[in-house]
Amino acid sequence: MANFAKPGGPRFSVDVYQNEYLPEGGREVNAIVTVTAKGGGTPAGPGASAAVVLMVDCSGSMDYPPTKMRNARDATAAAIDTLRDGTHFGIVDGTHVAREVYPGGGRLAVADPTTRAQAKQALRRLGAGGGTAIGTWLRLADRLLAGADVSIRHGILLTDGRNEHESAAELKDTLDACAGRFTCDARGVGTDWEVKEVTGIASALLGTADIVADPARLTEDFTRIMESTMGKEVADVALRVWTPVGTRIKFVKQVAPTVEELTDRRTEAGPRAGDYPTGSWGDESRDYHLCVEVPAAGLGQEMLAARVSLVAARPDKEVQNLGAQGLVRAVWTDDMAASTSLNAQVAHYTGQAELAQAIREGLDLRKAGDMDGATAKLGRAVQLAGVSGNADTAKLLAKVVDVVDAPTGTVRLKAKVAEADEMTLETRSTKTVRVKK
């Protein structure tokens, strides 16, 4: 383990968990890399280094029922109250176009008692009407955030409907343009929105996604999001993975607190090194699964399969090496017990990744009318949730299937499933539980 303290910020550390022993001819090395940031206090006062834009869906459907729009206004006001003094912030009204609600003029306000009161007054003018083009909201947020001289740039996006007034390709182009420029948490309120759209936004912009089925819970959720955002201190942290000649990285994925595929997000960082984005960090810990293919070697030989370090940088700034580093090794042995032993962390998170995939595939098959396929996949999910101790996911699965025998994965699809329950399971399918170390 190695660690590094950023002046005035958290201390980063890296721990590697693996079975380094391979049988003769073995080529695949798996490791769980735990990254932890601790001890960074919360900066305060003028010049604080965060900017936040709240994007509120104001399309016509937000008026059904009328309390939904009121709940959204109340939640946004609560989030504004949670802002730390000195934080730059703005509010965007999102329909088929994007409009600045506060402060206006293509800029952000700086949080203090006066600007908070003004912003909450401006919220009272929000009403429902129009369509939905989420890409326009994100592009406006990007322009506003880009004008702030801060290190943490974050968006909070709320929608209650499908992105009907722009194409999927247009939204993807927007997400590609915004990726790496700011992070964004996305929330779907009610049950008339598209899960894959909301989770796709959060995934592309390295934020969280969730459902708020009951609009009355929005204030609680928005407050929690803003508290988390105010705790972020280091932006644009990346896992830098170096591998020697002859090796190939098969995949890199985040596996806790959620499963997030990072393999295709690699950017080259010098000879045999690449950076995998992880977003902004506060006081927290996350786990990553690294799989490396190494050249075959003889018994008794060993090699460094990968070196994992941490860097922080925005595209327009110099890279800062955060110092924390971990090593992944490969040792070839004829000791069958050593080479076939599964590392507990690797086994746990391999199961968690399979659990998330089984849920997604099972729900897709159910929607497509393939009930036998859906039963098999969701039964496997129940089995995996039980083995891994993922009680929250097990409870969500029990609202979609009747569990006959969890250890064998024997289930029956429920004849009637509440839409909110199915959407909650799909939205939260990637949430994992930490392995007990």
Side-chain angles (χ1 to χ4, degrees), residues 55 57 59 61-62 94 96 131-139 141 155-179 183-213 221 225 251 253-255 257-265 277 279 352-371 373-374 377-378 380-381 392-393 396-397 399-401 413 417-432:
M55 293 161 272
D57 190 336
S59 61
S61 57
M62 285 291 287
H96 54 284
T132 305
I134 294 174
T136 65
W137 315 354
L138 292 166
R139 287 188 181 273
I156 298 174
L157 185 148
L158 174 71
T159 184
D160 82 322
R162 293 170 175 80
N163 197 39
E164 295 175 336
H165 289 80
E166 66 182 357
S167 67
E170 287 174 315
L171 178 57
K172 183 180 183 305
D173 287 346
T174 295
L175 293 173
D176 289 344
C178 294
T183 54
C184 184
D185 293 318
R187 294 294 185 267
V189 60
T191 58
D192 293 329
W193 48 280
E194 178 59 51
V195 172
K196 288 181 174 59
E197 284 179 353
V198 169
T199 56
I201 291 166
S203 176
L205 301 182
L206 300 173
T208 65
D210 207 351
I211 178 174
V212 186
D221 188 72
I225 294 174
F251 63 77
K253 64 177 70 171
Q254 178 181 287
V255 288
T258 59
V259 177
E260 191 65 61
E261 182 62 63
L262 300 176
T263 310
D264 294 338
R265 303 188 192 189
Q352 292 283 280
E354 185 186 351
L355 169 60
Q357 182 176 353
I359 291 172
R360 290 194 301 269
E361 292 178 353
L363 291 177
D364 285 345
L365 289 168
R366 184 177 179 277
K367 291 173 186 175
D370 182 352
M371 298 309 173
K377 289 292 183 182
L378 294 174
R380 176 59 175 159
D392 288 343
T393 298
L396 295 176
L397 281 162
K399 294 183 178 182
V400 177
V401 297
L413 295 183
V417 177
E419 192 170 15
D421 289 337
E422 183 175 356
M423 292 177 70
T424 300
L425 175 61
E426 184 177 1
T427 305
R428 298 179 183 172
S429 63
T430 60
K431 292 184 183 294
T432 58

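Scope of the values below: all heavy atoms of this structure, side chains included, with no hydrogens, waters or symmetry mates. Owing to the predicted nature of the structure, the values given are computational and were not obtained by experimental measurement. Numbering of residues begins at 1 and proceeds along the displayed sequence.
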### Query
Do any N or O atoms from the side chain of Glu419 and from the backbone of Met423 form a donor-acceptor pair under 3.5 angstrom?
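Pair absent, no side-chain N/O of Glu419 close to backbone of Met423.
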Would you name the heavy atoms of [X] and [Y] that are closest together and state the gap between them?
X      : Y      : result
Leu157 : Cys184 : CB-SG, 4.0 Å
Ser59  : Gly131 : CB-O, 3.2 Å
Ala204 : Ala179 : O-CB, 3.9 Å
Ala374 : Leu413 : CB-CD1, 4.1 Å
Val259 : Ala356 : CG2-CB, 4.4 Å
Leu205 : Leu138 : CD1-CD2, 4.1 Å

Side chains of [X] and [Y]: closer than 4.5 Å at any heavy-atom pair?
X      : Y      : answer
Arg380 : Glu354 : yes
Val255 : Thr432 : no
Arg428 : Asp392 : no
Asn163 : Glu166 : yes

Between [Y] and [X], is the closest basic N to carboxylate O distance under 4.0 Å?
X      : Y      : result
Arg265 : Glu260 : yes
Asp221 : Arg187 : yes
Lys367 : Glu426 : yes
Lys196 : Asp364 : yes
Arg162 : Asp192 : no

How long is the span from the [atom1] atom in [X] to the [atom2] atom in [Y], to the nearest 0.5 Å?
X      : Y      : atom1 : atom2 : result
Leu396 : Asp421 : CG    : CG    : 8.0 Å
Ile134 : Leu158 : CD1   : CG    : 10.0 Å
Thr183 : Leu206 : OG1   : CG    : 7.5 Å
Leu425 : Ile359 : CG    : CD1   : 5.0 Å
Ile201 : Thr174 : CD1   : OG1   : 9.5 Å
Thr199 : Ile211 : OG1   : CD1   : 11.5 Å

### Trace of the side chain to side chain contact (heavy atoms under 4.5 Å, CB included) decision for Thr430 with Arg360
CA-CA 9 Å; Thr430 60; Arg360 290 194 301 269; 3.6 Å; yes
### Derivation of the side chain to side chain contact (heavy atoms under 4.5 Å, CB included) call for Lys253 and Leu262
CA-CA 5 Å; Lys253 64 177 70 171; Leu262 300 176; 5.6 Å; no
### Query
When you look at Lys399 and Thr424, which way does the side chain to side chain contact (heavy atoms under 4.5 Å, CB included) test go after all the steps?
CA-CA 10 Å; Lys399 294 183 178 182; Thr424 300; over 6 Å; no
### Message
So, applying side-chain contact (heavy atoms from CB on, under 4.5 Å) with Met62, which one of Thr159, Thr132, Asp160 is it?
### Response
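Exactly one pass, corresponding to Asp160.
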### Chi angles and distances behind the side chain to side chain contact (heavy atoms under 4.5 Å, CB included) call for Met55, Thr136
CA-CA 10 Å; Met55 293 161 272; Thr136 65; over 6 Å; no
